[in-house]
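Any value given below was found using the heavy atoms of this structure, including those in side chains, with hydrogens, waters and symmetry copies removed.
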Amino acid sequence: MLAKLKLVKTPKGIDSVLMLSAMLILWIGNYSNLDLMIADSMFDGKRGHFAGGDSALAGSFQFGMILLGAAVIGLAIWDTLRPLAWLASRRSVLRSVALSVVLVPPSIYLLSSFSDMPCPTDLLRYGGLEPYARMLETLPASASGMVCLPAIQANTAWWLLALPLFWLPGRPRTALLLAGVMLLCGLASGWQQQLQGAQFFTHTLWSAWIAAFLIHLLHNLFRTEDALA
């Protein structure tokens, strides 16, 4: 039993990446002006609004993510009822990905409901009514309740970070490359929302981090079940 448990020991490299990336995002949000610099570049001061508008492409992308996620869930259910001819490790990955589709978006949304961080359009700086505050700063008691951290607008895309699991542990470089592509897809979706003043850059980064953390937990959970089977 102990020998099997050693097989599912969490890779220290992934833990380190998660910890360091969380520290980096926290530093960017609290000790730099990157959020404001990006938002300023997207805000048209003369017209008094952000440069982006509703994008049909962004809407199509979100709808595509929903359809793709539904397909993954359907495949996982089919495999549970009528097991497909593949390795148990692949079945575990499929379940991890399917659960990521189900759990990542609502988890991000739920966490945002406990937030009081303002969106760019809420700020006095951009024509709103609220003062700017960083993550570790306290808003004035008169500030209205807001739900902009983590960013929820692009959360239907973040489950894509689970797809590289299909290439682990055999092809780590391919998995890393695909993870980078999936991260860019999520950031691109978040960028569209930033163009509309709906969120700050670090709010998008926190959404990505939360998704990666949940996917990591799910993957290790199913690996542990396989080792104990």
Side-chain angles (χ1 to χ4, degrees), residues 10-11 13-32 34-39 42 52 55 57-58 61-62 64-66 68-69 72 93 96-115 117-120 134-136 146-168 172 174-220:
T10 303
I14 297 178
D15 288 341
S16 298
V17 168
L18 286 171
M19 181 181 67
L20 291 175
S21 59
M23 293 173 61
L24 177 60
I25 299 170
L26 190 64
W27 183 87
I28 292 173
N30 286 279
Y31 302 106
S32 80
L34 183 60
D35 273 343
L36 291 177
M37 290 170 60
I38 294 176
M42 298 176 173
S55 171
L57 180 60
F61 177 78
Q62 295 292 336
M65 291 301 97
I66 293 173
L68 182 58
V72 171
V93 170
S96 297
V97 176
L99 277 177
S100 297
V101 177
V102 174
L103 295 178
V104 166
S107 296
I108 293 174
Y109 182 84
L110 179 63
L111 288 172
S112 72
S113 68
F114 293 99
S115 168
M117 297 302 295
C119 305
R134 301 173 188 273
M135 183 177 178
L136 299 181
M146 291 157 283
V147 289
C148 270
L149 178 68
I152 62 174
Q153 287 85 355
N155 62 6
T156 55
W158 288 124
W159 67 266
L160 291 173
L161 292 174
L163 292 179
L165 296 177
F166 282 108
W167 283 266
L168 292 176
T174 302
L176 182 61
L177 177 61
L178 184 59
V181 173
M182 297 300 98
L183 180 61
L184 288 176
C185 287
L187 290 176
S189 182
W191 191 262
Q192 176 62 36
Q193 301 301 322
Q194 292 167 52
L195 284 171
Q196 299 176 31
Q199 62 197 38
F200 282 115
F201 178 62
T202 55
H203 298 179
T204 301
L205 294 181
W206 278 120
S207 294
W209 188 91
I210 292 166
F213 179 73
L214 287 174
I215 292 166
H216 180 53
L217 290 181
L218 289 171
H219 183 49
N220 278 286

What heavy-atom pair brings V104 and N155 nearest, and what distance separates the two atoms?
CG1-O, 4.4 Å
How about H203 and D35: does a side-chain donor come under 3.5 Å of a side-chain acceptor?
no
d(W159 CH2, I66 CD1) to nearest 0.5 Å is 11.0 Å
Heavy-atom closest contact (C185 atom, L160 atom, distance)
CB-CD1, 4.4 Å
Rounded to the nearest 0.5 Å, how far does CD1 of I215 lie from CG of L99?
11.0 Å
Using atom types as modelled and distance alone, determine if a side-chain donor or acceptor of N30 lies under 3.5 Å from a backbone N or O of L136.
yes
Nearest heavy-atom approach of F200 to P118 is CE1-O, 3.9 Å
Under 6.0 Å from the CZ atom of F166, do we count more than 12 heavy atoms belonging to anything else shown?
yes
Any side-chain heavy atom of L149 within less than 4.5 Å of one from Q199?
no
Exam field: side chain W209 to backbone L18, donor-acceptor pair closer than 3.5 Å
yes
Where W158 and S207 come nearest, the two heavy atoms and their spacing:
NE1-CB, 3.5 Å
With sequence neighbours left out, the residues meeting side-chain contact (heavy atoms from CB on, under 4.5 Å) with A179 are P164
Parallel, tilted or perpendicular for Y31 and W27, by the 30°/60° rule?
tilted
Could you give me the CA-CA distance, side-chain angles and deciding distance for L20 and L24, then say whether side chain to side chain contact (heavy atoms under 4.5 Å, CB included) is met?
CA-CA 6 Å; L20 291 175; L24 177 60; over 6 Å; no
d(L161 CG, M182 CE) to nearest 0.5 Å is 8.5 Å
Please enumerate all residues that pass ring-ring contact (aromatic ring centres under 6.0 Å, His included) together with Y109, with sequence neighbours excluded.
none
Could you grab the distance from atom OG of S100 to atom CG of L217, nearest 0.5 Å is fine?
10.0 Å
